[in-house]
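All values reported here derive from a predicted model rather than from experimental measurement. We count ligands from 1, going down the list as the structure has it; atoms in each ligand are counted the same way.
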Amino acid sequence: MKYYSLNNQAPKVSFKKAVINALAPDKGLYFPEKITPLPKTFFDNIDHFSNTEIAFNSIKQFVGPDIPGDILRSIIEETLSFDFPLIGLGQNISTLELFHGPTMAFKDVGARFMARCLAYFNQNNSEEVTVLVATSGDTGAAVASGFLDIKGVNVVILYPSGKVSDIQEKQLTTLGKNISALEVKGTFDDCQAMVKTAFLDLDLINQMQLSSANSINVARWLPQMFYFMFAYKHLHKKHPNIVFSVPSGNFGNICAGMMAQQLGLPINHFIASNNENNAVAEYLKTQLYKPKPTIQTISNAMDVGKPSNFVRIQAIYKHDFSTLKENVSAYSFSDEATKTAMLEMFNDYDYVADPHGAVGYLGCQAYLKGHDAHCVFLETAHPTKFLDVVEEVSQTKQALPPQIQSVMGKKKVSTIISNYEEFKGYLLQKISF
Ligand SMILES: *Cc1c(COP(=O)(O)O)cnc(C)c1O
């Protein structure tokens with residue numbers, strides 16, 4: 001498969017090059033040149049396929065021929081080494097729990113897949129790749145865990161000091177080895193700006209191979225198609241009309257669901273569920289796309305004013321606004337509404353949701369008011385990752401799962417930086433070793 005830049009000013013590249021570069025030289029996101037739907041019989045017979053086979057069939061056209069089939073299969077098996085349970089909340093709503101991986105957020109899937117692809121590409125390569133990642137919490141944790149001990153890959157995580165949860169900070173800063181954490185005196189936007197500046201800095205890019213593990217990277221983004229297919233497999237016999245509500249920030253997850261639909265997954269509708277950062281919801285109303293400054297909310301992983309995958313959604317729908325509007329609804333919810341939804345799920349179904357999942361649940365409720373369907377919302381992180389708000393709303397103490405307990409006692413190691421020059425100095429000193 002060849003990938004082209006959505007800015008159309010850069011050469012087409014292979015999957016391998018798209019993964020290593022992360023972003024095209026013209027700063028565009030990579031997008032597959034062609035999407036070939038899977039045969040209808042694949043979806044008719046999906047009950048007979050294992051998760052690995054479903055995933056392999058979905059992604060092989062996007063990877064081939066850069067990774068041989070048997071290796072791709074084992075990468076997928078290692079990536080999907082945990083469960084993806086579906087839990088019914090009443091007649092018309094189910095939650096798809098994506099938080100049973102090592103860092104307890106859906107980003108484990110993309111991070112584990114990408115790390116293994118890079119490890120394969122790098123096995124006979126003497127040059128190291130330095131993966132930079134700016135995080136508001138979950139991405140850094142998933143990338144740190146996914147890339148630990150991957151040969152030839154160094155990971156540098158930038159996170160805003162004092163603005164990630166205690167558990168997230170432990171997940172970022174306690175692994176050591178090829179994972180380093182930079183604690184930035186600033187905001188998430190400052191972290192992201194430093195990473196972007198580094199990608200344009202000739203002093204750096206002439207001396208080191210930089211990559212990114214944010215959802216702009218096709219190897220982080222595309223594996224997120226898998227679990228839409230898993231949910232379909234389990235529900236399609238019972239429910240002829242399945243729709244997905246996806247709590248969205250950078251819109252990578254929902255955009256992967258749309259790719260699954262392009263492959264032929266018989267899904268009728270997507271619901272983009274947003275907190276008060278609602279640039280896309282406004283766009284669907286007005287056809288005017290106006291990115292906005294970020295608003296801080298309790299579903300902080302979705303505090304994104306300018307979603308980076310919006311351009312990919314435009315590409316999937318071939319810039320046809322009316323098809324997009326037919327296929328996608330978007331809603332925006334306040335923190336108050338989110339807390340009320342968390343409480344409602346707790347009282348009515350004995351279900352403890354995290355704030356991001358609760359926004360997804362609200363999206364289902366809003367859509368089902370006018371439509372007859374079965375709505376699956378993605379539960380994108382384990383509730384104990386957002387312990388303060390979850391315990392406040394449910395008025396209960398939550399037990400910490402083993403994945404979280406195991407990092408709590410470890411010692412934090414981070415390097416504090418305040419500006420780009422310090423960041424650059426840190427990277428240059430790393431090469432000189
Ligand atoms: C990253 C994240 C999201 C948003 O996903 P996007 O792909 O950026 O839309 C939602 N919930 C949680 C818990 C996350 O970590």
Side-chain angles (χ1 to χ4, degrees), residues 29 95-111 114 133-146 159 163-165 167-168 171-172 188 192 212-228 244-260 270-281 291 294 297-313 328 330-333 338 342 353-363 377-387 389-390 404:
L29 270 65
T95 170
L96 176 63
E97 292 186 347
L98 302 177
F99 57 67
H100 294 274
T103 71
M104 311 208 88
F106 78 89
K107 294 185 173 88
D108 280 327
V109 175
M114 182 188 158
V133 56
T135 184
S136 56
D138 286 333
T139 299
V143 168
S145 157
Y159 73 96
K163 296 190 177 64
V164 303
S165 76
I167 287 164
Q168 287 172 328
Q171 289 179 320
L172 298 175
F188 168 67
Q192 197 147 27
S212 156
N214 288 94
S215 63
I216 54 168
N217 198 307
V218 294
R220 257 248 2 238
W221 169 52
L222 289 170
Q224 299 174 160
M225 292 186 295
F226 300 162
Y227 36 75
F228 290 91
F244 282 101
S245 167
V246 185
S248 296
N250 260 325
F251 281 69
N253 218 8
I254 195 169
C255 186
M258 292 165 179
M259 289 295 282
F270 287 97
I271 300 151
S273 299
N274 293 136
N275 59 28
E276 292 193 69
N277 296 281
N278 62 355
V280 174
T294 308
T297 74
I298 56 169
S299 47
N300 63 346
M302 312 198 303
D303 294 350
V304 181
K306 188 174 185 272
S308 52
N309 285 290
F310 180 69
V311 287
R312 281 189 174 136
I313 294 179
V328 185
Y331 304 102
S332 156
F333 302 101
T338 306
M342 289 166 72
D354 98 295
H356 303 78
V359 170
Y361 174 77
L362 287 166
F377 72 90
L378 308 194
E379 181 39 301
T380 45
H382 192 276
T384 56
K385 290 195 90 170
F386 304 92
L387 202 58
V389 55
V390 168
I404 304 282

Which bit of [X] gets closer than 4.0 Å to ligand 1, counting heavy atoms only: side chain, backbone, both or neither?
X: Lys107; result: side chain
X: Pro247; result: backbone
X: Met302; result: side chain
X: Asp138; result: side chain

If you count the atoms of ligand 1 from 1 in the order shown, which ones are under 4.0 Å from a heavy atom of [X]?
X: Thr380; answer: 10 (C), 11 (N), 12 (C), 13 (C)
X: Gly252; answer: 6 (P), 7 (O), 9 (O)
X: Asn253; answer: 7 (O)
X: Asn250; answer: 6 (P), 8 (O), 9 (O)
X: Ala381; answer: 13 (C)

| request: Quick one: look up the protein heavy atom nearest atom 5 (O) of ligand 1 and list residue, atom name and how far away it is. | output: Phe106 CZ, 3.4 Å
| query | What's the shortest distance from atom 4 (C) of ligand 1 to any protein heavy atom, and which residue and atom give it? | reply | Gly249 N, 3.6 Å
| message | By the definition ring-ring contact (aromatic ring centres under 6.0 Å, His included), identify the one residue from Phe333, Phe377, Tyr331 that meets it with Tyr361. | response | Phe377
| note | The residue among Val133, Thr135, Thr103 that forms side chain to side chain contact (heavy atoms under 4.5 Å, CB included) with Val143 is Val133
| request: Grab the two heavy atoms, one from Pro355 and one from Val389, that are nearest each other, plus how far apart they are. | output: CG-CG1, 3.8 Å
| message | For His356 versus Ile298, what's the shortest heavy-atom pair and its separation? | response | CE1-O, 4.5 Å
| message | As a test of understanding, state which of Asn277, Asp303, Asn274, Thr338 forms a side chain to side chain donor-acceptor pair (under 3.5 Å) with Thr297. | response | Asp303
| task | Over 60° means perpendicular and under 30° means parallel, so classify the ring planes of Phe244 and Phe270, tilted if in between. | result | parallel
| So, Lys385 and Asp138, do they make that salt bridge, N to O below 4.0 Å? | yes
| Can any side-chain N or O of Ser332 pair as donor or acceptor with the backbone N or O of Asn275 at less than 3.5 Å? | yes
